[in-house]
Amino acid sequence: MLNEMDLMIKKCLFPVAGYGTRFLPATKAMPKEMLPILEKPLVQYGVEEAHQAGMRDIGFVTGRGKRAIEDHFDISYELEHQIAGTGKETALSGIRKLIEESTFSYTRQIEMRGLGDAILAGRTIIGDEPFGVVLADDLCFAEPLGVLAQMAELFKQFRCSIVAIEEVPEDQAHQYGVIEGEALTDEIFRVTDMVEKPPKGTAPSNLAIIGRYILTPDIFELIEETPPGKNGEVQITDALLTQAKRGCVIAYKFKGQRFDCGSIGGFVDATNFCYSKMRDAE
Ligand code: UTP
């Protein structure tokens with residue numbers, strides 16, 4: 001049973017071990033999560049969203065070739081010394097605040113065996129408490145509360161795992177994990193079934209899971225018991241289904257806008273969106 005303190009989610013996991021093959025050759029030597037939307041890398045947007053939701057302990061599940069992420073969330077003495085006292089200093093104030101107010105931990109997923117496996121690799125960082133998960137290539141914008149902050153609020157009410165969902169066109173549902181659920185309100189569903197990347201035309205609904213989760217820690221044992229599923233990977237959706245069958249997964253149609261920056265089209269749309277916001281603010 002969770003007590004009041006447990007309802008504050010402090011930790012957030014970022015699985016960033018994937019190869020980012022859709023962005024080759026850009027991602028040959030550079031993590032996909034470091035691709036910038038305007039002047040800021042994707043992963044920084046995600047960490048800012050977690051920070052706004054009150055999650056200050058950030059854990060990364062990394063893989064080979066991801067060192068740039070560690071360096072990004074660290075001081076760069078030479079650079080900072082060089083620009084000290086110049087107008088350029090302000091460009092680093094956002095990342096500096098994140099570094100000062102958060103802790104960063106890293107662990108490795110040895111083989112790319114799926115998102116479920118990556119989350120399981122984060123168990124040593126998370127321990128036995130509920131936690132957020134951000135897939136940084138899903139870039140979300142929402143005001144005043146970010147998507148993760150909206151979900152953290154909902155967690156206080158339901159005290160169980162929460163997946164963020166979005167309505168997608170039917171012909172795209174096969175690219176996502178898709179839920180079936182009982183509507184509690186227009187935005188909140190109790191999940192009764194979920195399927196990862198259903199074959200075209202078989203999706204139980206058009207409600208697709210996007211890259212934001214709040215998970216209760218019993219998920220780790222469920223992942224351990226989950227055999228490889230779609231594409232031979234250990235799917236988080238399959239482990240969540242066991243929780244859902246116990247009535248313990250809520251799907252939340254978030255307020256805001258999401259861009260799939262793991263695809264070239266989504267990445268360009270996000271760039272245009274941010275650029276026009278920047279121009280409007282000038
Ligand atoms: P994706 O399948 O979208 O990312 O996984 P990818 O594999 O890096 O990209 P493509 O498809 O080859 O272009 C969603 C998220 O899960 C992480 C990825 O880093 C990404 O953030 N992931 C996926 C892992 O950390 N480990 C895995 O084994 C699989």
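Each ligand, and each atom within it, is numbered from 1 in the order the structure gives. Quick note: residue numbers are just sequence positions, from 1.
The aromatic rings of F60 and F104 lie parallel to each other, their planes meeting at an angle below 30°, with 60° marking the opposite boundary.
Every atom of ligand 1 is numbered from 1 in the order shown, and the set under 4.0 Å from a heavy atom of R113 is 28 (O). Short contacts between ligand 1 and E33, defined as distances under 4.0 Å to a heavy atom of the residue, involve ligand atoms 19 (O), 21 (O). Those atoms of ligand 1 that come under 4.0 Å of a heavy atom in M112, given as number and element, are 28 (O).
Ligand 1 lies less than 4.0 angstrom from a heavy atom belonging to G20. Using a 4.0 Å heavy-atom cutoff, V16 is listed among the residues neighbouring ligand 1.
For atom 6 (P) of ligand 1, the nearest non-hydrogen atom of the protein is K32 NZ, 3.4 Å. When hydrogens are left out, the protein atom nearest atom 14 (C) of ligand 1 is L135 CD1, 4.1 Å; that is the closest non-hydrogen contact. The protein heavy-atom contact nearest to atom 16 (O) of ligand 1 is L115 CD1, 3.7 Å. Ranking protein heavy atoms by distance to atom 3 (O) of ligand 1, first place goes to R22 NH2, 3.2 Å. Nearest protein neighbour of atom 26 (N) of ligand 1, counting heavy atoms only, is Q109 OE1, 2.7 Å.
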Set out, in order, the CA-CA distance, both residues' side-chain angles and the distance that settles salt bridge (charged side-chain N to carboxylate O under 4.0 Å, His left out) for R56 and E100, then state yes or no.
CA-CA 10 Å; R56 304 292 161 90; E100 279 164 12; over 6 Å; no

Y213 and F131: CA distance, side-chain angles, deciding distance, ring pair (Phe, Tyr, Trp, His ring centres under 6.0 Å) verdict:
CA-CA 8 Å; Y213 305 78; F131 59 103; 9.6 Å; no

V133 vs C12, side chain to side chain contact (heavy atoms under 4.5 Å, CB included): CA-CA, chis, key distance, verdict
CA-CA 6 Å; V133 175; C12 189; 6.0 Å; no

CA sep, side-chain torsions, deciding dist, call: D57, T103, side chain to side chain donor-acceptor pair (under 3.5 Å)
CA-CA 5 Å; D57 295 335; T103 65; 2.9 Å; yes

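Counted by atom type alone, T62 and Q109 present zero donor-acceptor pairs between their side chains at under 3.5 Å.
Both I83 and I99 belong to a single network of hydrophobic side chains, linked directly or stepwise wherever heavy atoms of I, L, V, M, F, W or Y lie under 4.5 Å apart.
The proximity of A118 to ligand 1, defined as any non-hydrogen pair under 4.0 Å, is limited to the side chain. Of all the heavy atoms of E233, none lies under 4.0 Å from any atom of ligand 1, so neither backbone nor side chain is involved. Of all the heavy atoms of T21, the ones lying under 4.0 Å from any atom of ligand 1 are found in both the backbone and the side chain. Under 4.0 Å from ligand 1, the heavy atoms of D137 that appear belong solely to its side chain.
Among G114, G116, G122, the residue whose heavy atom sits closest to atom 29 (C) of ligand 1 is G114. Among G18, P15, G46, the residue whose heavy atom sits closest to atom 21 (O) of ligand 1 is P15.
Both the sub-6.0 Å distance and the 45° axial angle are satisfied by K277 relative to the ring of F141. For the pair K40 and Y45, the cation-pi criterion (under 6.0 Å, within 45° of the ring axis) is fulfilled.
Below 3.5 Å of separation, one finds no N or O of E111 facing any N or O of ligand 1. Inclusion of A17 in the set of residues having an N or O under 3.5 Å from an N or O of ligand 1 is warranted.
No donor-acceptor pair closer than 3.5 Å links the side chain of E233 to the backbone N or O of G116.
In this structure, E49 and L148 approach most closely via the heavy-atom pair OE2-N, 3.0 Å.
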